[in-house]
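Notes for the one structure printed next.
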There are 2 protein chains.
Amino acid sequence: MSTAEETAGDEAQPWGEVTPDAARRLLVAAVEAFAERGYHATTTRDIAGRAGMSPAALYIHYRTKEELLHRISRIGHEKALEVLRTAAGSEGTATERLAEAVRSFVRWHAGQHTVARVVQYELDALGPDARAEIVALRRRNDATVREIIEEGVAAGEFDVPDVRGTTLAVLSLCIDVARWFNAAGARTPDEVGALYADLVLRMVGAQK
Amino acid sequence: MSTAEETAGDEAQPWGEVTPDAARRLLVAAVEAFAERGYHATTTRDIAGRAGMSPAALYIHYRTKEELLHRISRIGHEKALEVLRTAAGSEGTATERLAEAVRSFVRWHAGQHTVARVVQYELDALGPDARAEIVALRRRNDATVREIIEEGVAAGEFDVPDVRGTTLAVLSLCIDVARWFNAAGARTPDEVGALYADLVLRMVGAQK
DNA sequence: TGACCCGCTAAGCAACCGCTCACCTCGCGG
DNA sequence: CCGCGAGGTGAGCGGTTGCTTAGCGGGTCA
């Protein structure tokens, strides 16, 4: 937030905070490899090769292969959480904020679907401590969405019999975008975001 | 369909068609292991161990570890497809059939979430030929749901601006149940199915 | 009874994995 | 001009992997 040019989520320049340069190149290579083949099917030689380095170079910047996944998961989740909270904290009715939250959250999962896939589907490869940390971040996501829905219900904007279940379904819908996006093609992240925002407003019974 | 006692989908007795007994035990063990740790993180020794056999016994019934995954994926997808098509082919309005399709499809993904997880998330571990076969099965799922929605729109029951996108979202929502189910706990497959059927009817703008 | 064969095991092979270590290169302060 | 530390490499170690092979026990049938 130091300059006015930075936009929320840094969607154009991810990993900008990772230094030095070689460490960032390795991390980007790992994201690509993990997203393509999965964590366990990816070798350290493959990661180093994509970054144009020898296999041993990886261990100068990261202690283990798991630390790479841990770093990716933490940064990725923090970016997604930031996107969500920015939308949730904006001004407007619950209807407007829920639509904006879904739109931007989905746009992130579609645009950064390679990062999102790693973050969402390789969680089990982490050790107990690292996994617990990531799960805690994820719970803050859930709480953010649930609060908007609860406010909408309290304000009479929404008609939701089961708030917890509906929150779960909304987040599930958004997250699963990372799985199928680009497999189908022909839709931009913006289009998917707009479609999903509309669908979610229908799910909570918001009047249009 | 030889006896009246068999129910659609065989939810109580899956893998009943797999013989001989040792082959079925290995397959069940593989499903558990793949669902817990993922395909690549599972060793053939682990699978054989769970089935109470030596590592070499696996290769009497299956040529490779990948053939195990292929068999699981094919049978699992066929079961899910059968559940969907049974609901889609029943009598009633498009609204009733869509609700029943979502209810039973979600119930299957929740109840058989260990199978579903393997089937949905380990697809990339298959070779090109096997993957193409599974993807074809999946397209029949998409078509089944899309047809119900199209019929509902034609009959004036639904209000859906983007049929393809909404179909994608509905299926995405159902499939992702396999990822989070049992992680949260406290909800039965029937309850999740009922909740999701309601949410999907809202998504397509069906009058209640 | 005894030859046969099917299902299974014990042992092990070649390849590959994550990771380490001894060594090299090169910009830079004194 | 030299020493030095940060960043990088080539080679390789111990362990594990998917899979193979030689052989064994115990039902089956002439």
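Every chain is numbered from 1, with letters handed out A, B, ... down the list of sequences.
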Atom [atom1] of [X] to atom [atom2] of [N]: distance rounded to whole Å?
X: Glu67(A); N: dG18(C); atom1: CD; atom2: P; answer: 15 Å
X: Arg25(B); N: dC8(C); atom1: CZ; atom2: P; answer: 7 Å
X: Tyr59(A); N: dA22(C); atom1: OH; atom2: P; answer: 18 Å
X: Leu58(A); N: dC17(C); atom1: CG; atom2: P; answer: 14 Å
X: Tyr62(B); N: dC8(C); atom1: OH; atom2: C1'; answer: 16 Å
X: Asp46(A); N: dC16(C); atom1: CG; atom2: C1'; answer: 14 Å

| query | Does Ala33(A) offer a backbone N or O that forms a donor-acceptor pair with the side chain of Thr42(A) under 3.5 Å? | reply | yes
| message | Checking the side chain of His61(A) only, and the main-chain atoms of Ala57(A) only, is there a donor and an acceptor separated by less than 3.5 Å? | response |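 Not a single qualifying donor-acceptor pair exists.
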| Would one find more than 12 heavy atoms of other residues, nucleotides or ligands at under 6.0 Å from atom CZ of Arg164(B)? | no
| Arg138(A) and its side-chain contact (heavy atoms from CB on, under 4.5 Å) partner, picked from Leu171(A), Leu123(A), Leu81(A) |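 The side-chain contact (heavy atoms from CB on, under 4.5 Å) with Arg138(A) is passed solely by Leu123(A) among Leu171(A), Leu123(A), Leu81(A).
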| field | First-last contacting nucleotides on DNA chain D - partner chain B, under 4.0 angstrom, heavy atom | value |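 Terminal contacting nucleotides, 5' to 3': dT17(D) to dT21(D).
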| field | Minimal non-hydrogen separation, His70(A) against Ala130(A), with atom names | value | ND1-CB, 3.4 Å
| task | Return the minimal non-hydrogen interatomic distance between Ser73(A) and Ile134(A), and the atom names on each side. | result |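 Shortest heavy-atom contact: CB-CD1, 3.8 Å.
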Pairs under 3.5 angstrom only: tabulate donor-acceptor contacts from the side chains of residues 185-194 of chain A to other protein residues two or more places apart or in another chain.
unit_1    : atom_1 : unit_2    : atom_2 : d
Arg187(A) : NH2    : Asp162(B) : OD1    : 3.0
Arg187(A) : NH2    : Asp162(B) : OD2    : 2.4
Thr188(A) : OG1    : Glu191(A) : N      : 3.1
Asp190(A) : OD1    : Arg107(A) : NE     : 3.3
Glu191(A) : OE1    : Thr188(A) : N      : 3.1

| query | Where do Leu98(B) and Phe158(B) land on the side-chain contact (heavy atoms from CB on, under 4.5 Å) test, with the steps shown first? | reply | CA-CA 11 Å; Leu98(B) 182 60; Phe158(B) 300 160; 3.9 Å; yes
| field | 5' priority, DNA chain C, between Ile60(B) and Glu66(A) [closest heavy atom] | value |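 Nearest-nucleotide comparison on DNA chain C picks Ile60(B).
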| request: Let me see the working for Arg179(B) and Arg179(A) under side-chain contact (heavy atoms from CB on, under 4.5 Å), right down to the final yes or no. | output: CA-CA 11 Å; Arg179(B) 183 180 56 89; Arg179(A) 184 180 55 88; over 6 Å; no
| request: Looking only at side-chain atoms of Arg45(A), point me to the closest of dA10(C), dC8(C), dG18(C). | output: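 Among dA10(C), dC8(C), dG18(C), the one nearest the side chain of Arg45(A) is dG18(C).
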| task | Strictly below 4.0 Å, heavy-atom distances to any atom of DNA chain D: list the hits from residues 27-44 of chain A, or just say none. | result | none
